Amino acid sequence: FFTQWGAKHAPKIIATVNLIVIIMNTTPTERIFISYKRKDKERVFAIKNKIENATGEKCWIDLDGIESSEAFRKVIINAIKQCEIFLFMYSKNHTHIDTDSDWTMREIDYATRQKKRVVIVKLDNVEYFDEFDFAYGHKQYVNADDCNMMEHLFTDIRSWLQEEQKTKPQAVIERDKKNAPSTPEKEKIKVLDKVMAATKDIDGKKVAKGAAIAAGVAAPTIRVSTPQ
């Protein structure tokens, strides 16, 4: 019976684990936001690693589509609000999207309204589709396959962030320090509390504890019943 129960609910348990990991990896200090299509994940993460190594800055990136959860869409919204640079990874997978419902389009629209610095990283040689070109064709872009352009991007990112830090009002700097995570363990506790509050019973059994343990979060005060 337990095997059947586990097979039935494994996707929901995995989704909960991913949700915990995503939130734990989100902090108010990440100044680079990366927007991308899931089909481009492998390529995008390789670029993310290069950016982080070249700039010394951590990038905020959605690991596994948390936009599917209504309760945690605010995580992405807050991450965009906190960032200084918004990198949009454009590829052939954007060619036939529904612009009204596609999540990456929502992200770049929101970043633009928030007056973030938007840079488009073209993953392949596909031209912009018409609506995208109309709205964002004037934005700075780089070709991911062009090493010189990518090196210039790394240099620009360092320069932009240094300039942003110089011009940021002292009150904002103090606010950012105050909002920064205190310790990893305290952050884990906060995350677990949020997940437990949002996680529903599955056949009367809490799955959040198992997910929390898998994510490395201690949950000593949670009582969990197991299938009989």
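Along the sequence shown, residues carry numbers from 1. For clarity, every value in this text was computed on a predicted model and none was experimentally measured.
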| field | Partner set under side chain to side chain donor-acceptor pair (under 3.5 Å) for Tyr136, not counting sequence neighbours | value |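 Listed in chain order: Asp109.
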| Side-chain heavy atoms of Ile85 within contact of Val118, under 4.5 Å |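 The answer is no; the side chains never approach within 4.5 Å.
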| Any residue meeting side-chain contact (heavy atoms from CB on, under 4.5 Å) with Thr155, in chain and number order, not counting sequence neighbours | Arg158
| field | Those residues that, when tested against Asn125, pass side-chain contact (heavy atoms from CB on, under 4.5 Å) (two or more places apart) | value | none
| field | CD1-CZ distance between Ile77 and Arg106, expressed to the nearest 0.5 angstrom | value |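 Spacing of CD1 (Ile77) from CZ (Arg106) equals 10.0 Å.
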| request: Report, as yes or no, whether the 6.0 Å neighbourhood of atom CZ on Phe154 holds more than 12 heavy atoms from other residues, nucleotides or ligands. | output: yes
| request: Check the pair Lys50, Met150 against side chain to side chain contact (heavy atoms under 4.5 Å, CB included), reporting the backbone distance first and the verdict last. | output: CA-CA 9 Å; Lys50 290 181 180 179; Met150 291 302 293; over 6 Å; no
| field | Residue pair His152 / Val142, side-chain heavy-atom distance below 4.5 Å | value | no
| said: How about CD on Glu42, more than 12 heavy atoms from neighbouring residues, nucleotides or ligands closer than 6.0 Å, or not? | reply: no
| Do Asp62 and Arg38 sit within salt-bridge range, that is, some charged N less than 4.0 Å from a carboxylate O? | yes
| request: Taking side-chain contact (heavy atoms from CB on, under 4.5 Å) as the test, write out the residues that go with Ala135, two or more places apart. | output: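 Here no residue qualifies.
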| remark: Taken in chain and number order and not counting sequence neighbours, the residues that satisfy side chain to side chain donor-acceptor pair (under 3.5 Å) with Lys37 are Asp102
| said: I need the full list of salt bridge (charged side-chain N to carboxylate O under 4.0 Å, His left out) pairs touching residues 114-138, with sequence neighbours left out, sorted by first then second residue. | reply: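 Non-adjacent pairs meeting salt bridge (charged side-chain N to carboxylate O under 4.0 Å, His left out): zero.
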| Heavy-atom distance under 4.5 Å between the side chains of Ile34 and Met89, does that happen here? |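 Yes. Closest side-chain heavy atoms under 4.5 Å.
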| message | Going by ring-ring contact (aromatic ring centres under 6.0 Å, His included), name the residues that satisfy it together with Tyr90, two or more places apart in sequence or in a different chain. | response | His94, Tyr128, Phe132
| query | Which one of Gln82, Glu57, Glu84 satisfies the side chain to side chain donor-acceptor pair (under 3.5 Å) criterion with Arg31? | reply |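 Exactly one pass, corresponding to Glu57.
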| said: Applying side chain to side chain donor-acceptor pair (under 3.5 Å) to Glu164 and Trp160, what does each step give before you reach the verdict? | reply: CA-CA 6 Å; Glu164 180 272 334; Trp160 292 331; over 6 Å; no
| field | Option from Phe88, Tyr110, Trp60 for which ring pair (Phe, Tyr, Trp, His ring centres under 6.0 Å) with Phe33 holds | value |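 Result: among Phe88, Tyr110, Trp60, Trp60 is the only option passing the ring pair (Phe, Tyr, Trp, His ring centres under 6.0 Å) with Phe33.
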| Which pairs count as salt bridge (charged side-chain N to carboxylate O under 4.0 Å, His left out) when at least one residue sits in residues 137-155, sequence neighbours excluded? |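 Every salt bridge (charged side-chain N to carboxylate O under 4.0 Å, His left out) pair that includes a residue of residues 137-155, provided the two are not neighbours, is Arg43-Asp145.
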| field | Gap between atom CD1 of Ile47 and atom CG of Asp40 - 0.5 Å precision | value | 9.0 Å
| query | Taking C-beta and beyond as the side chain, do Val119 and Ile157 meet within less than 4.5 Å on heavy atoms? | reply |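 No. Closest side-chain heavy atoms not under 4.5 Å.
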| What distance do Asn93 atom CG and Thr95 atom OG1 have between them, rounded to the nearest 0.5 Å? | 7.5 Å
| Should Phe86 and Ile32 count as side-chain neighbours, where that means a heavy-atom distance under 4.5 Å? |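 The answer is no; the side chains never approach within 4.5 Å.
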| Linking I/L/V/M/F/W/Y whenever their side-chain heavy atoms sit closer than 4.5 Å, directly or via other members, would Tyr36 and Val126 fall into one cluster? |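 Different hydrophobic clusters.
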| query | Mind checking what makes side-chain contact (heavy atoms from CB on, under 4.5 Å) contact with Lys58, not counting sequence neighbours? | reply | Glu30, Glu52
| query | What residues form a side chain to side chain donor-acceptor pair (under 3.5 Å) with Ser101, not counting sequence neighbours? | reply | Asp98
